[in-house]
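Report on the following structure.
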Amino acid sequence: MCSALLGAALLLALYTLLYHALRRPAPPRARPSLRGRTAIVTGGSGGIGAATARELARRGARVVLAARSAARGEAAASRIRTLRHGASPHPGLDEPPSPAPGAVLYLQETGNAEVRFMHLDLASLRSVRAFASAFLREEPHLHLLINNAGVSAGGQTEDGYGLTFQVNHLGHFLLTQLLLERLQRSAPSRVVIVASSAHCSGRLDPAALGRPVRGALQTFQAYCDSKLANVLHARELATRLQGTEVTCYAVHPGFVNTEIFRHAPLWLKPLLVPLAWLFFRDAAEGAETPLYCATQEGLERFSGRYFADCRPQEPWPRGRDDGLARALWEGSERLVGLGPRRPPAPAARGQ
Ligand SMILES: NC(=O)c1ccc[n+]([C@@H]2O[C@H](COP(=O)([O-])OP(=O)(O)OC[C@H]3O[C@@H](n4cnc5c(N)ncnc54)[C@H](OP(=O)(O)O)[C@@H]3O)[C@@H](O)[C@H]2O)c1
């Protein structure tokens, strides 16, 4: 009897320890109004992206949900548009209340109508280019680019690269390059790249970037590699943007109970599901650090840094390797078919 009680107490203590170590959500904080600002959230149709988009919209921003599924993207945009302001115990971070008969109009009038879905499939460089052209044609401003979408799956894209590397890094790399001028014209502006602490196991070989992988282990390795690429992308982008008013940040959102491991092997799910349910943050909590980096005033001096729990933190050593960051940048330019930017030809200067 005694040992059963002791065992139960030990289990409870272990659970409490793990719960606080893994969840540790940052306290919700006051954020400035974002009226007049335009944001893109990739993967805004679900998980951390939808929670991020919801809070940006609640603050008054015009929000573009860039997602690959029209059904999920339109549904998420419509849910956010009809969000009722300020009436919940956890304002702006919850699902809209189910409307009472006759209340739908009221909900629509008080929600932020400036939330729209636009199609973007990061697994296709053609789709990234089409999205960027449509955005530049239809939207005059861009103040916040939240590169959030992510996947952990094997397979190869239509461009011939590993799916996870292309969705998590390469597609976002191209997207950012294509939108950079608009970010500069709208400055001050920010790019937030949702990375992960999984970058600690990342290994990037600049000679083999984007090579497709197979099997559970290689897929997980590709995920870690892509997250290291996220950290290094932010680092190199900040270096290249020095002296402009565009800043960027890499973010670990914490361990969050979302669908990120939907492609995990079946045998792993019985382990992952209870773990996520018991210990992980919910999507709104996971959105806290991306939102902090997107909206907190005075972060400019931290451009290029890695954030977790709403604080700048040191990434793992490979995430601080400037040589690797440069090699990744040049390799990514090559893979997406963008050459290094050259100065204008002498004849064109001064015209
Ligand atoms: N959850 C965690 O514990 C955790 C921890 C560290 C970092 N992160 C990072 O957080 C980010 C968000 O992940 P999450 O946890 O919110 O996962 P999630 O619930 O699976 O959401 C991922 C989002 O990415 C979108 N997406 C996937 N493939 C895409 C593609 N080819 N083109 C465009 N969008 C695509 C998904 O859209 P569909 O609905 O169409 O699939 C979905 O909206 C990821 O970058 C992930 O690596 C998550």
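Nothing here was measured: the structure is a model prediction, and the numbers come from that model. Start at 1 and go down the list; that is how both ligands and their atoms are numbered.
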Test item, Lys227 contacting ligand 1 (heavy atom, 4.0 angstrom)
yes

Is the backbone N or O of Asn148 less than 3.5 Å from a side-chain atom of Thr42, with the two atoms forming a donor-acceptor pair by type?
yes

Tell me, please: is Gly46 in heavy-atom contact with ligand 1, that is, under 4.0 Å?
yes

among protein heavy atoms, the one nearest atom 4 (C) of ligand 1 is Gly254 O, 3.9 Å

Does ligand 1 have any atom sitting under 4.0 Å from a heavy atom of Leu120?
yes

Pull out every atom of ligand 1 sitting under 4.0 Å from any heavy atom of Val194, numbered as shown with elements.
9 (C), 10 (O), 11 (C), 45 (O)

Keeping Asn112 on the side-chain end and Ala57 on the backbone end, is there a donor-acceptor pair under 3.5 Å?
yes

Can you list the atoms of ligand 1 that are under 4.0 Å from a heavy atom of Gly150?
22 (C), 24 (O), 27 (C), 44 (C), 45 (O)

Does CZ belonging to Phe220 count more than 12 external heavy atoms closer than 6.0 Å?
no

Tell me whether Arg318 contacts the main-chain N or O of Gly202 through its side chain, where contact means a donor paired with an acceptor under 3.5 Å.
yes

Leu122 N/O under 3.5 Å from ligand 1 N/O
yes

Is there a heavy atom in Phe280 that sits closer than 4.0 Å to ligand 1?
no

Min heavy-atom dist Thr42 to ligand 1 below 4.0 Å
no

Per-atom contacts of ligand 1 with Ser45, taking only distances under 4.0 Å to non-hydrogen atoms
37 (O), 39 (O), 43 (O)

With heavy atoms under 4.0 Å as the rule, classify the contact between Val256 and ligand 1 as side chain, backbone, both or neither.
both

Looking only at heavy atoms of Ala198, does any of them come nearer than 4.0 Å to an atom of ligand 1?
no

Is a side-chain donor or acceptor of His119 paired with a backbone partner of Ala70 at a separation under 3.5 angstrom?
no

I'd like to know whether ligand 1 has Ala195 as a neighbour, heavy-atom separation below 4.0 Å.
yes

Atoms of ligand 1, numbered as shown, that sit under 4.0 Å from any heavy atom of Gly43
23 (C), 24 (O), 25 (C), 43 (O)

